[in-house]
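I have placed the structure first, in the form of structure tokens, so that the comments after it can refer back to it.
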Number of protein chains: 2
Amino acid sequence: MDLVEVEGWTLDQRRAVSPQLRAILRSRIIRNDLRPMSRLSEPEIAKEYGVSRQPVREAFITLMNEGLVEVRPQRGTYVCKIDYNAVLNARFVREAVEADIARKLASEGHDHLIRDLRAQLTLQRDVSKDSPERFMELDERFHMTLAQGAGVAKSWGFLEGIKSQMDRVRFITFEEFPIAKLIDQHERIVDFIEQKAVSGAEDAMRAHLREILNSLPRVQDLYPDYFENSHGLSGEKKSQHQEERP
Amino acid sequence: MDLVEVEGWTLDQRRAVSPQLRAILRSRIIRNDLRPMSRLSEPEIAKEYGVSRQPVREAFITLMNEGLVEVRPQRGTYVCKIDYNAVLNARFVREAVEADIARKLASEGHDHLIRDLRAQLTLQRDVSKDSPERFMELDERFHMTLAQGAGVAKSWGFLEGIKSQMDRVRFITFEEFPIAKLIDQHERIVDFIEQKAVSGAEDAMRAHLREILNSLPRVQDLYPDYFENSHGLSGEKKSQHQEERP
DNA sequence: ACTTGCCTACTTCCATACAAGTCAACAGAA
DNA sequence: TTCTGTTGACTTGTATGGAAGTAGGCAAGT
């Protein structure tokens with residue numbers, strides 16, 4: 001067969017490999033399988049997946065545009081550290097957009113949508129205990145459903161690149177994120193939407209999306225090497241480039 | 001010299017050409033120099049700029065990710081039509097984000113910023129009569145200044161790809177957009193921020209960013225071939241692929 | 001000890017060749 | 001006339017070799 005499997009990810013050589021590599025590498029970065037500041041050499045990854053360097057290179061270009069890798073010409077390609085300030089800005093954008101989505105939903109009628117969301121809530125409670133990773137998927141689905149319901153599905157698509165900045169933080173330390181509390185907040189949002197309480201829904205959504213602000217400083221304290229410290233201290237301390245892979 | 005000049009855009013072969021090509025082509029598409037549904041064959045553009053296919057190809061990939069071109073494997077690469085629904089969604093996102101920026105600015109103190117914005121306003125009035133294209137630049141600068149002032153400069157960066165969807169509409173028909181009115185709205189926003197009138201600033205910003213909704217239907221009526229009609233009518237009328245370049 | 005210059009082994013970037021799919025035109029048969 | 005199969009000139013996707021630049025090791029000179 002023309003299937004190559006590396007680290008649990010499969011690549012189908014019969015279809016275009018460049019977009020597949022892009023998705024695989026993005027996922028590996030967001031899930032912290034490829035760690036910040038680790039090298040991603042073109043020939044090495046090409047050999048790993050049994051393809052040429054060109055598709056790898058094209059995947060790198062896309063990841064660079066998303067701010068996930070940094071390619072320094074004639075020097076090497078590295079997984080970006082998490083930009084603390086970028087996370088804050090991404091969160092700001094998400095709060096603004098989803099607050100308006102919540103307002104829109106609460107000011108209209110959405111009986112079928114409410115039923116769907118309720119079902120998702122019970123599902124979230126069921127699986128969250130066992131697998132925080134599975135909860136991440138359901139969380140993603142929940143927020144996407146809200147966007148769809150508000151008739152702005154494409155807007156959610158716009159946020160995908162932004163959201164990846166926040167997701168990286170979550171994947172570093174699941175335990176820092178109070179999943180049960182997050183689900184309660186989800187339920188609160190749905191309640192307000194059902195009651196057509198516009199500003200209530202908005203406030204609940206904003207509170208929900210500010211939750212990461214509680215965890216973020218602790219995560220940075222635990223894993224300072226994973227972060228680009230450009231948040232408060234304007235003095236940029238350029239730390240050494242240190243290899244990650246042996 | 002190693003400079004190649006095509007259609008008023010210059011390309012410096014000594015520096016990396018791929019990002020330059022990306023910027024040039026993006027600008028040409030947004031400014032409607034390259035029209036919707038026109039072909040962009042890799043070898044043709046490569047020959048035009050005196051480079052190989054590879055950098056052209058890499059530029060295409062980036063443009064595809066931004067939704068500006070559509071590359072159909074083994075068939076060809078085409079400039080995307082303007083997706084009516086995508087424009088509406090982009091506008092929705094912008095309104096949400098910039099409304100929060102306006103709120104943030106109005107709730108804090110920004111004396112120096114106000115002076116800067118006032119200066120920009122007079123500049124806008126000066127040049128707008130002569131050159132609508134110049135006004136576009138100043139408009140961009142105005143909104144970016146607001147984002148910077150609110151301490152969320154990176155958020156504005158996130159919106160760039162989104163904004164391009166709206167800019168394409170503007171560049172098709174400058175005359176449809178009441179520039180004087182837009183400047184008045186700018187001034188209104190600055191006034192409210194200066195008075196620290198939070199909800200006033202928010203409302204003014206939202207009204208400003210809804211302005212495009214007045215022009216959009218007329219633009220689509222004037223140039224229906226430039227649009228992907230996926231807004232109201234769910235029936236997708238696939239029009240013929242028609243060549244643009246002779 | 002310290003600096004300077006070269007040399008080698010890397011890296012990304014670009015050019016070129018080949019592989020594979022698509023589409024239109026066209027020849028031939030019913 | 002109409003349908004069908006084939007050919008060939010396109011397209012983009014991938015592979016590979018070389019060009020240009022960088023970083024570090026090492027030897028020679030101060």
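We name chains A, B, ... by the order of the sequence lines, and we start the count at 1 in each one.
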TODO: Using chain B heavy atoms and a threshold of under 4.0 Å, write down where along DNA chain C the contacts begin and end, 5' to 3'.
DONE: C/dC14 to C/dC23
- [ ] Determine, for nucleotides 13-18 of chain D in 5'-to-3' order, which nucleotides have protein heavy atoms under 4.0 Å from the base (write B), from only the sugar-phosphate (write S), or from neither (write -).
- [x] BBBBBB
TODO: Using the ring of A/Tyr78 (Phe, Tyr or Trp, six-membered ring only), decide whether A/Arg72 places NZ or CZ under 6.0 Å from its centre and within 45 degrees of its axis.
DONE: yes
Task: Presence of salt bridge, B/Glu133 and B/Arg31, under 4.0 angstrom - done: yes
Open item on the list: Strictly below 4.0 Å, N to O, side chains only: are A/Arg57 and B/Glu58 in salt-bridge contact?
Closed with: yes
- [ ] Check whether any side-chain nitrogen or oxygen of B/Thr77 sits under 4.0 Å from OP1 or OP2 of D/dT11, and answer yes or no.
- [x] no
Task: Check: A/Phe177 ring centroid to A/Phe174 ring centroid under 6.0 Å - done: no
Task: Pairing residues for B/Thr173 by the side-chain hydrogen bond (donor to acceptor under 3.5 Å, both in side chains) criterion, not counting sequence neighbours - done: none
Task: All side-chain contact (heavy atoms from CB on, under 4.5 Å) counterparts of B/Thr62, not counting sequence neighbours - done: A/Ile61, A/Asn65, B/Arg22, B/Glu66
Task: Partners passing side-chain contact (heavy atoms from CB on, under 4.5 Å) against A/Thr145 (at least two apart in sequence or in another chain) - done: A/Leu113, A/Asp116, A/Leu117, A/Gln120, A/Arg141
Task: Partner residues of B/Ala90 under the side-chain contact (heavy atoms from CB on, under 4.5 Å) criterion, sequence neighbours left out - done: A/Phe158, B/Ile162, B/Gln165, B/Met166
